[in-house]
Each structure stands twice: as structure tokens, then as C-alpha cells.
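Structure first, commentary second.
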Number of protein chains: 2
Amino acid sequence: MRKTSKLSEVAKIAGVSPITASRAIRGVGYVSESARARIMEAAAQLNYTPDMLARRMRGDKSNLIGVFVNNYGSLVLHEVTRAISAEARARGYDILLFNAERFDSPARAGTVDMLSKLCDGLLLVMPNGADGYLDVLEQHGMPCVLVHYDARTVQLPVVALENRNGARLAVEHLLALGHRRIAFMAGTSHTGQSDEREKGYKDALRAAGIRADASLVVGGAFNQAAGNAAARQLLELRRPPTAIFAANDEMAYGAIDAIHSRGLKVPADISVIGFDDIPLSSHVFPPLTTMRQPLAELAARAVGDVVTLAQGGTVAPVKTAFPMELVIRQSTGPVLARTAGEK
Amino acid sequence: MRKTSKLSEVAKIAGVSPITASRAIRGVGYVSESARARIMEAAAQLNYTPDMLARRMRGDKSNLIGVFVNNYGSLVLHEVTRAISAEARARGYDILLFNAERFDSPARAGTVDMLSKLCDGLLLVMPNGADGYLDVLEQHGMPCVLVHYDARTVQLPVVALENRNGARLAVEHLLALGHRRIAFMAGTSHTGQSDEREKGYKDALRAAGIRADASLVVGGAFNQAAGNAAARQLLELRRPPTAIFAANDEMAYGAIDAIHSRGLKVPADISVIGFDDIPLSSHVFPPLTTMRQPLAELAARAVGDVVTLAQGGTVAPVKTAFPMELVIRQSTGPVLARTAGEK
DNA sequence: ATGAAAGCGCTAACAG
DNA sequence: CTGTTAGCGCTTTCAT
């Protein structure tokens with residue numbers, strides 16, 4: 001690997017000391033016109049670029065925001081990071097996305113540590129509440145904001161969704177359509193979001209005077225495969241649900257697949273509602289009724305907060321929850337007379 | 001920000017010199033049992049983590065692969081990076097994803113440079129052929145592999161798709177269904193992929209003895225919005241096409257939308273075929289006929305190549321193109337008698 | 001207007 | 001077995 005040119009080389013060619021060259025290149029302090037000219041000339045000739053690694057080691061800014069994610073691959077995550085990326089760049093920051101299942105594994109500790117040194121601020125997207133790294137960060141004082149997190153309280157600003165309330169709204173929509181036997185498909189409980197959504201589901205049922213039926217709560221992961229499996233399980237019940245509330249859109253897709261492959265129709269036989277409203281939900285068949293999250297506002301807030309922190313400002317370590325909006329498309333419909341009567 | 005503990009502190013507590021502490025912690029060289037115990041004890045107590053930045057500045061490995069992308073946001077890109085990420089982690093590397101429109105902007109140069117110093121190897125996914133950074137990399141000697149690139153030749157290994165051939169196959173499928181008036185929706189020409197696909201489209205038409213009609217080549221970006229706009233444009237033609245070949249799946253989704261919103265049906269009125277076969281293409285309506293890329297193999301090869309390079313091995317600077325496979329679903333069908341007769 | 005010294009945190013090479 | 005010296009590339013004092 002060809003060595004990249006360094007400041008001392010530039011300085012030598014220009015016939016000055018490294019520090020003078022440094023000043024000229026950064027444009028600070030006094031440098032005579034002639035010296036400056038020679039230095040710039042030499043730098044151009046050598047194609048010199050300052051070594052940010054070295055600068056950073058001395059504590060300078062990097063203009064980089066680190067985005068830490070786990071389970072890279074989910075579509076919501078993709079949408080969230082995309083929004084964050086757009087927002088960050090609009091503010092003059094670049095994004096460094098780091099993917100790790102957990103951040104507290106000893107093998108990863110060094111990397112994580114280095115990245116947090118490298119970046120001016122950190123955004124943890126959908127972090128695992130059980131991850132010990134959260135505690136490290138909490139004490140560390142590093143500018144850091146949690147995004148899409150709804151688990152145990154940490155002393156860090158959190159930008160999240162009104163998961164519980166949004167879920168209640170979703171189920172109320174189903175209730176309003178006459179459904180009484182409503183299933184919930186849960187994701188993982190890593191971030192706490194699924195748990196909150198489940199609470200909202202139960203809130204709505206309780207308010208409607210419907211007793212919870214444990215066999216109607218299924219699932220286990222936020223992806224299509226899990227949604228598919230969970231739906232199959234529901235369909236095999238002696239009394240299957242007439243409607244399914246999936247903890248996210250991707251699970252809903254999987255559920256719809258399972259229903260179709262049983263020869264049943266959505267929403268004629270079973271209604272399905274998702275959560276997140278990722279862009280593709282209006283393209284699947286049938287177009288998915290779901291709860292929309294205000295992605296842009298959320299990203300703007302998250303990035304705004306880290307940037308404030310990174311620039312020495314203060315942000316209270318509290319959770320800001322954004323409201324969800326019901327988007328009615330075609331995967332939900334009134335409960336059929338025959339099924340409704342069955343109850 | 002609380003300073004993180006450093007080696008010298010550990011050493012002081014353990015009553016040894018920094019270098020001895022270093023040896024004990026890395027497990028190299030001779031350290032007496034008693035000293036080692038005291039050092040580990042102190043390190044644990046201080047929660048010491050080595051500063052990889054400092055290590056890296058001395059030229060050590062980081063076990064990180066940098067993935068540089070532009071236009072972060074596209075779903076194909078997401079799938080590709082996801083596959084790369086999985087593959088890299090399976091080999092013990094972590095991924096650092098860096099998003100920038102271009103890598104040669106002066107403002108970004110420092111960051112780009114730093115990242116390439118930081119990472120053991122680089123993967124440029126869908127790079128812009130016009131980006132001057134490619135030339136820098138070419139000379140630089142940094143372990144680096146291009147992924148999904150089909151533009152001007154550079155002296156770097158490239159892992160790509162059989163774009164031209166795959167496109168030909170796609171159009172031949174349409175031809176076999178009786179279509180004669182076939183449109184092509186192009187993406188951007190940044191990576192050269194769209195251009196190659198267009199060549200394949202023309203190859204197939206020519207082989208079938210159909211004269212190219214410039215009004216049937218539309219588009220301009222690899223996303224839904226562009227696909228939508230392009231399809232509207234096609235539908236307004238005096239003689240609209242009976243089939244559309246979109247340069248990627250996302251454009252195809254947009255096209256299908258446009259067709260539906262005109263009150264037409266896919267494939268009854270117009271057939272649509274995509275390119276890439278991202279997972280969602282089997283869930284949209286109608287399920288999309290498309291060309292599948294061997295994602296896992298591709299990622300395995302790309303990661304395998306950088307890792308080889310990073311470990312001092314050699315990889316020839318040539319392009320490896322992976323074949324595409326036709327996946328027939330329900331968005332393509334035989335041309336209708338009335339339309340076919342029209343010609 | 002310019003430079004020398006010192007240090008960021010770590011470790012290879014070379015003494016003890 | 002352990003410590004000293006030196007240096008990665010840069011920049012902030014503090015001179016001159």
C-alpha cells in the first residue's frame with residue numbers, strides 16, 4: 001500500500017517546519033504570503049490530505065455521527081437509518097453505520113469504543129435493552145441519543161414512538177369493524193417496543209370488555225418468516241381470530257402470505273393490520289392498513305438532539321414519544337356475519 | 001465527557017510500566033504471574049479498553065471492512081449491504097457503512113481517507129463511475145473491491161451482475177409472450193448498470209427483428225417515483241407499449257402503480273418485468289416477474305476478495321459477473337389479441 | 001512570522 | 001522478566 005503523504009513531507013518541500021505548514025493548510029495563525037504559496041503548492045503536488053485519525057486522536061471534531069444498529073436487515077430499520085442519514089447530511093454531518101448484534105461483547109468492545117471516540121455523537125437505533133453497553137454510555141457522557149427504544153429507563157435522551165397508544169388505536173380500528181376475536185403477533189422484546197404494543201393491544205381489548213385469550217398472542221421476531229409461522233399457528237386454532245394485529249408491517253406481510261396460502265382472503269376472511277407504515281405497505285396485496293410513524297420528524301429530532309449534544313449543548317435525558325396515525329388501506333374490513341355470529 | 005481509562009493508569013495501579021501492562025493485556029511476551037495478575041486486576045477495576053484508534057495509528061489491523069455506498073435508501077442496496085454484512089460477520093469482520101453521494105468532494109476527502117486508513121479493506125457498493133475517488137483508490141493500493149459496478153474499467157477487482165445478458169433474458173421472456181412493443185425504463189447511469197441493461201434490451205429486440213423506438217426508452221432514476229413518472233409518460237404515448245422492462249424492481253413497483261391508477265390491469269393490459277428480485281417482489285401485487293441476482297454468492301465473493309486482499313493475498317483486478325435467473329411470477333402474461341393485432 | 005518542545009495512547013525494538 | 005527510547009501524524013503551548 002502506497003504510503004499517503006504527510007505533513008512533514010509537504011513542509012520539507014516547502015522549506016518550512018511542519019507546524020508552519022500545518023498553519024498554512026488550516027488557515028490559522030500567521031504565515032507569510034510567500035511561505036503559504038510554497039506550502040500550498042507542495043501540498044497540491046503531493047496530493048496531501050490531513051490524517052484525520054491523527055487529528056482525532058488529539059481530540060478534534062470529526063463531523064461524523066455514528067449510527068449503531070443491531071439486526072441490520074429489517075426494513076423499518078432501513079427506513080429509519082435512511083431518514084437519519086438524510087437529516088444528518090442536511091446538517092453537514094456524515095453517517096457511520098455500525099452493525100453489531102450486541103455492543104457489549106468483549107470482542108466488539110474495542111471497536112465500539114473506538115467508534116465512539118471517532119464520532120462526535122452516537123445514535124443507537126433499536127438498541128437491545130439488555131445490552132450492557134447502554135450503561136457504559138450512560139456514565140460515559142458521550143453525546144448519545146437512543147432511537148426507537150422503549151425498554152428500561154436510561155439516563156439518555158430517547159426518541160421513540162407512542163407504541164402503546166398507537167397499538168391501542170390499531171386495535172380500536174379492528175374493534176370498530178366489529179372484530180372481537182383479535183390476535184396479536186409480537187416481535188422480539190429487545191427494544192421494549194413489542195411489549196409496549198402488546199400493552200396497547202390489551203388496553204383496547206379491556207376497554208371493550210373483551211377477555212384476553214393467551215392463545216391469541218403469538219410471534220417472536222419482527223420479520224416475515226415469524227409472521228408467517230405465527231399466522232399458521234393462529235389458523236390452526238379451534239377458533240381462529242377474525243383479525244390480526246401484527247407488531248410490525250413485515251410480520252403482517254408474512255401473515256397475509258400464510259392466510260392466502262390457506263386459501264383464505266384478506267380482509268374477507270381475516271383482517272390484518274400492521275405497524276410502522278413502511279413505504280412498501282401500500283404496494284403489497286392487499287395494500288396494508290397500518291399505523292404510520294412520523295419518520296422525518298423523528299429523524300429530525302434524533303439528529304437534532306445528538307448534534308446539539310455534540311456541539312456542547314444540553315438535551316434532557318427524557319423520552320420523547322411521537323404519535324402514530326392510522327392509515328386505512330385494504331387489509332382490514334368488517335367482520336363477516338358468519339364469523340361474528342360464531343361467537 | 002468522562003475520560004476513558006488508559007494503559008498508563010492501569011500500569012500505575014499495578015505498579016509496572018505501561019509496556020508491561022500492554023504485554024500482559026495482549027498476552028504476548030513474558031510477564032510474571034504476579035505482575036500479570038495485578039495488571040488484569042487493575043484493568044478490570046478501571047474498566048480498561050485499549051484505544052484502537054491509537055493502535056490503528058501505529059498500523060495495526062482493525063478487523064473492520066468499510067462499505068462505502070451512495071444513494072443510501074434504495075432497497076437493492078439495502079439487500080446487498082445486508083448480505084455483505086452477514087458474510088463479513090461470518091468471517092469475523094465487522095462492517096462500517098459510510099454513506100456519501102460522492103467520495104471525491106473535498107469536504108469528504110478527509111473522512112474518506114481516514115476511513116480507508118481505519119478499515120482493513122474497502123467495499124464500494126454501486127459506486128459512481130465518474131467519481132474521482134476510484135482513481136485514487138486504484139493507485140493507492142488499498143485492499144478494495146467494487147460491487148455492482150459496470151462502468152469504465154478500473155484496475156480493481158469488481159463483483160458484478162451479468163447485466164447485459166440478464167436484461168436480454170428478461171426481454172426474451174416478454175418476446176416469448178408475444179410482446180413486440182416493449183419499453184425500457186432506465187435508472188441512473190452512475191454505476192453503468194442501467195446502461196448495460198439497456199444494451200441487453202436492445203440486443204434482444206434486434207435479435208427479434210424489432211426496430212428500436214426511442215420513445216419507448218424512458219426513466220432516469222432507480223426508484224419508485226421515477227418508475228411511476230416514466231410509466232405515465234409511456235401510457236400517454238399514442239401507441240403505448242404492451243410490456244415494460246424496468247431496470248430494477250423498485251421502478252417496476254412505481255410503474256405498476258401508475259398503470260393501476262389509470263384503471264388498467266397488470267398483466268392483462270400491460271406486462272411488467274423487473275430486475276434484481278428483492279424479497280418484496282413476491283409480495284407486491286401482482287407478484288413481480290423479475291430477474292434474480294445471486295445475492296449470497298455475490299456477497300460471499302466480494303467479502304472473500306477483500307479479506308484475501310486485506311490479509312496480504314492477491315486478487316486479480318478483473319470483473320466477475322454473476323448470472324441472473326428469470327423468476328416468473330404474475331406481472332407478465334401473453335399479449336392480448338386486441339393489442340397484438342393493433343400492430 | 002516561525003519554530004521547538006511536548007503529548008494524544010499505544011507498542012516494537014532494544015537494552016537491562 | 002521488565003523498563004527505556006522512540007515514533008505513528010498532527011497540533012497546542014510557549015518561545016524567538
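Just so we're on the same page: letters track the sequence lines, and every chain starts at 1. Atoms considered below: every heavy atom in the structure, side chains included; atoms not considered: hydrogens, waters and symmetry mates.
- Spacing between atom CZ of A/R23 and atom P of D/dC14 amounts to 14 Å, rounded to whole angstrom units.
- A straight line from CG of A/L53 to P of D/dT11 spans 13 Å, rounded to a whole angstrom.
- What separates CG of A/D51 from P of D/dG7 is a distance of 18 Å, to the nearest Å.
- Within 6.0 Å of CD on A/E41 lie no more than 12 heavy atoms contributed by other residues, nucleotides or ligands.
- In this structure, A/R58 atom CZ and C/dC10 atom P are separated by 16 Å, rounded to whole Å.
- Within 4.0 Å of B/R55, counting heavy atoms only, lie sugar-phosphate atoms of the nucleic acid but no base atom.
- Contacts of residues 24-45 of chain A with DNA chain C (heavy atom under 4.0 Å): A/Y30, A/V31, A/S32, A/A35.
- At D/dC10, none of the side-chain N or O atoms of A/S22 fall inside 4.0 Å of OP1 or OP2 (strictly under the cut-off).
- Side-chain contact of B/D94 with A/T111: a donor-acceptor pair under 3.5 Å is absent, judged by distance alone.
- To the nearest angstrom, C1' of C/dT11 lies 15 Å from CZ of B/R56.
- At whole-Å resolution of the value, CE in B/M57 and P in C/dG9 are 11 Å apart.
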Starting at the 5' end of DNA chain D, what dot-bracket string do you get if Watson-Crick and G-U pairs under 3.5 Å are bracketed, crossing pairs use [ ], other-strand pairs use | and unpaired bases use dots? ||||||||||||||||
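- Closest approach of B/G73 to A/H78, counting heavy atoms only: O-CE1, 3.1 Å.
- If A/A54 and A/T20 are placed on DNA chain C by their nearest nucleotide, the residue sitting closer to the 5' end is A/T20.
- B/S32 and B/R36 are not linked by any side-chain donor-acceptor pair at a separation below 3.5 angstrom, with hydrogens and angles left out of the test.
- A donor-acceptor pair shorter than 3.5 Å can be found between the side chains of A/Y72 and B/T81.
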